[in-house]
Amino acid sequence: MYTIVATAVLAPTITRLEITAPFVAKKRKAGNFVMVRVEEGGERIPLTIADSNPATGTITLIVQAIGGTTKLLCSKRAGETVLDVVGPLGNPTPIEHHGAVACVGGGVGTAELYPIARALKEAGNTVHTIIGARSRDLVILEEEMRRCSDNVFVTTDDGSYARKGFVTDQLRDLLDGDTGIKAVYAIGPLPMMKAVSSLTRPYGVLTLVSLNTIMVDGTGMCGGCRVTVRGEMKFACVDGPEFDGHTVDFDELMMRNRTYVEMEKISDEKHVCRLQAARQEAAS
Amino acid sequence: MSQANPLKPSERMKIARQGSIEQAPAERSLNFLEVSFGFDEERAVIESARCLECKTPYCTDGCPVGIDIRGFIQLVVQKDYLGAVQKIREANYLPAICGRVCPQESQCEAVCVMGKKLEPVAIGKLERFVADYEMKHDLFTPPAIPDTRAEKVAIVGSGPSGLTCAAELAQRGYRVTVFEALHAVGGVLRYGIPEFRLPKEILDLETERIKALGVEIYTNFVVGRTATIDELFDEWGFKAIFLGTGAGTPTFLGIPGESLSGVYSANEFLTRVNLMGAYKFPRNDTPIRIGRSVGVIGGGNTAMDAVRTARRLGAEHAYLIYRRSRQEMPAREEEIHHAEQEGIEFLLLTNPLRILGDGNNWVSGIECQRMELGEPDASGRRRPMAVKGSEFVVPLETLIEAIGQKPNPIIQATTPGLETGSRGTVVINERQGTSRPGIFAGGDLSRGGATVILAMKDGKAAAEAIHDYLSSIPPATS
């Protein structure tokens with residue numbers, strides 16, 4: 001059992017959870033993830049570690065409630081527990097001194113990007129951060145990013161906040177300008193990472209993306225997370241999760257990730273019903 | 001030695017080998033309950049009377065862990081079932097598991113003297129009977145541990161080799177901690193072997209018995225990630241470490257179409273079902289999708305487990321696709337036989353060429369070619385050769401590849417100085433020692449892919465080697 005010590009709602013569907021997991025907190029580096037199973041009978045899901053505190057033995061997860069398991073997790077309050085947390089898994093992000101870098105976060109991917117931006121800043125890079133979201137209320141961690149970035153740009157799809165448009169619009173301007181960006185770290189939905197990789201390819205700028213895939217164990221056992229990179233089969237959990245975006249077959253991965261779309265809906269409805277019933281019971 | 005059995009050898013030889021109680025194939029292919037319910041007491045007693053109590057018990061030589069088989073069967077003759085299971089446990093701490101999954105037909109029962117002319121004594125079923133008897137009547141008491149040792153030993157992986165090593169060391173008085181990466185104990189016994197061959201309840205009970213020896217078990221702990229081997233030595237204070245992390249990394253054929261939805265490694269397929277309980281979806285959250293026709297590539301026990309699981313999940317056609325003939329299949333005869341009974345369709349001498357998609361990224365079939373057998377190859381089995389122009393398509397919605405596993409690379413990659421061989425195995429000497437002093441290994445991690453009982457043999461040998469190693473270094477003064 002792993003105790004949730006604090007929670008905070010960052011956006012209507014995005015929750016920050018601080019969970020006691022001392023071994024993970026001690027070893028975790030930027031880019032690592034954990035596998036979480038919330039309750040008996042639940043699935044194991046990969047979640048990137050946004051932050052950790054070895055002194056208090058806690059890790060921070062920032063979770064978007066998009067499916068049954070994430071909705072259940074986001075409904076948890078401080079003092080409650082999750083059944084299983086294992087990690088830190090995956091290879092840490094290679095943090096180097098490039099000179100100038102761009103950190104591009106889309107949606108909840110910004111949370112995964114935050115520790116990387118911080119580490120890049122600490123490594124002496126000039127950090128240009130771009131935060132993209134569908135609308136104003138889904139923009140997260142802007143303040144935190146400002147503290148570890150030299151410049152922060154925000155784009156919203158609907159123009160409800162800051163620049164109207166996509167992260168790629170802002171990134172193109174930066175690449176065309178005199179920023180001297182030598183590397184791009186992009187984390188977000190697969191179509192966004194694909195678009196960023198397509199944009200940076202002609203500029204010849206190293207582009208690292210963090211792949212979210214189907215995963216069961218997260219330790220190299222199932223092969224469900226296989227992706228084609230440079231024409232070879234790789235396992236995102238042990239060979240990644242970060243890869244050179246210019247070498248990833250995004251289209252294949254996006255198709256694979258749709259494998260369970262119908263069953264995910266069933267699972268989602270089950271948890272939504274349960275959570276509503278629990279809420280009604282609590283209210284009555 | 002006094003003979004427990006009053007019957008003369010000639011009388012014993014007249015008794016027919018007892019069959020176990022089994023679920024009917026049509027019924028069991030629709031559920032996940034055990035195929036075999038083993039012996040009842042009556043059958044066990046009759047069967048035990050068949051043992052010739054040979055002066056030289058070849059059966060014990062045939063047992064990888066050296067169980068006193070003649071001794072325990074004599075106790076069954078005397079209806080001292082608890083005494084019998086305790087006799088087994090002197091050599092093997094997991095009798096309820098071995099009684100179910102050991103390939104007795106190629107070990108103890110293969111060398112049984114009775115088997116030379118007649119059918120061998122059903123040693124495996126007797127082992128299972130006494131273990132189940134003890135469980136059913138809740139008679140287990142942990143053995144007394146005479147000595148206590150100050151040294152802490154870490155066991156990495158809670159599969160058959162790790163659990164055995166842990167039990168052996170705990171009985172020698174060591175302070176033993178087992179680290180398991182998954183959320184549940186058992187390794188391949190948990191994620192690999194299906195419920196219908198080894199109920200998880202049995203595994204849970206055997207695990208409790210190991211804990212009763214004082215063994216501490218950490219789940220959700222990936223050695224190499226959560227803590228490295230060197231941290232276990234330097235920060236946690238372990239004096240010796242046994243690596244029993246198995247062969248859990250799936251291999252793929254490398255044929256076109258493997259990224260299509262509906263293509264699984266046997267590991268993923270079985271882990272979803274066995275560890276995550278996907279057969280209970282949507283009550284359990286982990287999904288699995290099974291089509292009307294399912295193909296499984298391979299001829300080993302894992303392939304049998306996968307194809308029989310697919311059948312139970314509702315596949316109308318469950319095909320086993322194997323490039324050699326039935327004779328060359330590495331799977332246990334009993335498993336092949338059970339699969340045939342359950343209506344598994346065997347496509348033998350059939351070599352998969354490429355997986356076909358439906359245009360929507362889902363599997364729609366597999367193109368195969370017919371094979372014929374030529375001269376024996378390096379493995380001693382006749383080499384399959386393609387028949388020109390024999391290509392054909394098997395329509396499928398699900399394809400499972402069960403063509404072998406290799407060791408997980410995490411520990412090898414994070415432990416400096418640990419020598420590895422081809423295919424990622426950890427190199428060991430004749431006493432399970434690795435290239436690093438104090439680190440021992442066994443089971444599939446060093447063998448590359450074998451059986452539960454051979455893993456247990458390694459775990460037992462490693463425990464003896466660790467005991468000798470720790471006894472040879474001067475105790476710490478602190």
Side-chain angles (χ1 to χ4, degrees), chain A residues 2 21 23-24 26-28 32 34-35 37-45 67-69 72 83-90 214 216-228 232-233 235 238 249 251-264 266-271, chain B residues 180-184 188 191-192 218-222 224-228 231 235 245-252 254 258-272 275-278 280-289 357 360-362 401 405-410 413:
Chain A
Y2 299 78
F23 301 139
V24 184
K26 187 177 160 218
K27 292 283 289 186
R28 158 267 168 193
N32 284 142
V34 284
M35 296 299 291
R37 194 172 69 124
V38 181
E39 58 178 18
E40 202 55 61
E43 57 182 345
R44 294 165 63 99
I45 59 165
T69 303
L72 180 65
L83 199 51
D84 298 296
V85 175
V86 57
L89 300 170
I214 289 172
V216 183
D217 62 292
T219 62
M221 243 185 70
C222 77
C225 66
R226 59 191 185 273
V227 290
T228 304
E232 275 178 44
M233 186 191 290
F235 291 175
V238 288
D249 188 337
D251 292 335
E252 180 189 281
L253 180 56
M254 284 189 269
M255 292 297 276
R256 266 190 73 72
N257 279 5
R258 293 188 51 76
T259 300
Y260 297 108
V261 97
E262 290 148 37
M263 299 179 91
E264 282 160 3
I266 295 169
S267 190
D268 185 18
E269 281 162 17
K270 178 189 93 174
H271 284 291
Chain B
E180 166 55 49
L182 293 172
H183 58 257
V188 72
Y191 72 77
Y218 281 92
T219 51
N220 292 328
F221 200 110
V222 184
R225 297 280 195 223
T226 313
T228 62
E231 285 165 345
E235 294 174 22
T245 52
T249 299
T251 53
F252 287 86
E258 288 178 324
S259 64
L260 291 166
S261 291
V263 178
Y264 293 96
S265 70
N267 257 19
E268 179 180 1
F269 180 77
L270 291 170
T271 300
R272 281 179 183 270
L275 174 71
M276 306 308 297
K280 296 178 188 157
F281 184 89
R283 190 151 62 83
N284 283 6
D285 288 331
T286 303
I288 194 144
R289 281 193 58 162
N360 210 9
N361 210 56
W362 271 89
E401 295 191 16
Q405 287 86 238
K406 56 188 179 186
N408 189 304
I410 292 177

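We name chains A, B, ... by the order of the sequence lines, and we start the count at 1 in each one. Model, not experiment: these values are computed from the prediction.
Ring geometry for A:F235 versus B:F252: interplanar angle over 60°, hence perpendicular rather than tilted (30 to 60°).
The environment of NZ in B:K406 is sparse: at most 12 heavy-atom neighbours from other residues, nucleotides or ligands sit within 6.0 Å.
Contact count against chain A (heavy-atom pairs under 4.5 Å) is highest for B:T226 among B:T286, B:V222, B:T226, B:I288. Interface remark: of the candidates A:R37, A:E252, A:R28, A:R37 forms the most heavy-atom pairs closer than 4.5 Å to chain B. Counting heavy-atom pairs closer than 4.5 Å to chain B, the top residue among A:V85, A:V24, A:I45, A:V227 is A:V85. Taking A:P88, A:G224, A:G218 one by one and counting their heavy-atom pairs under 4.5 Å with chain B, the maximum is reached by A:P88. Here B:T249 is the residue among B:T219, B:N360, B:L275, B:T249 with the most heavy-atom pairs under 4.5 Å with chain A. Considering only heavy-atom pairs separated by less than 4.5 Å from chain B, the leading option among A:E39, A:R44, A:M233, A:H271 is A:R44. Counting heavy-atom pairs under 4.5 Å between each of B:P282, B:P250, B:G262 and chain A puts B:P250 at the top.
In summary, B:E231 and A:K26 do not engage in a salt bridge, as defined by a charged side-chain N under 4.0 Å from a carboxylate O.
Taking CD of A:E40 as the start and NE2 of B:H183 as the end, the distance is 7.0 Å to the nearest 0.5 Å. Distance check: B:S259 OG to A:D251 CG gives 11.0 Å after rounding to the nearest 0.5 Å. Rounding to the nearest 0.5 Å places CD1 of A:I266 at 11.5 Å from CG of B:D285.
Across all their heavy atoms, A:C222 and B:S265 have their closest contact at O-OG, 2.6 Å. Nearest approach of A:M263 to B:F281, heavy atoms of both residues: O-CZ, 3.3 Å. Here the closest heavy-atom approach between residue B:V263 and residue A:R226 is recorded as O-NH2, 2.9 Å. Closest approach of B:N361 to A:R256, counting heavy atoms only: ND2-N, 3.8 Å. Nearest heavy atoms, B:A181 versus A:V86: O-CG2, 3.7 Å. The heavy-atom pair separating A:K27 from B:R225 by the smallest distance is CE-O, 3.3 Å.
Only the backbone of B:L260 comes within contact range of chain A, with heavy atoms under 4.5 Å apart. Of the two parts of A:V238, the backbone and the side chain both hold a non-hydrogen atom closer than 4.5 Å to a non-hydrogen atom of chain B. Only the side chain of B:I410 comes within contact range of chain A, with at least one heavy atom under 4.5 Å from a heavy atom of that chain. Residue contact with chain A, scored on non-hydrogen atoms closer than 4.5 Å, involves the side chain of B:Y191 exclusively.
Between the side chain of B:N267 and the main chain of A:M221, a donor-acceptor pair closer than 3.5 Å is present.
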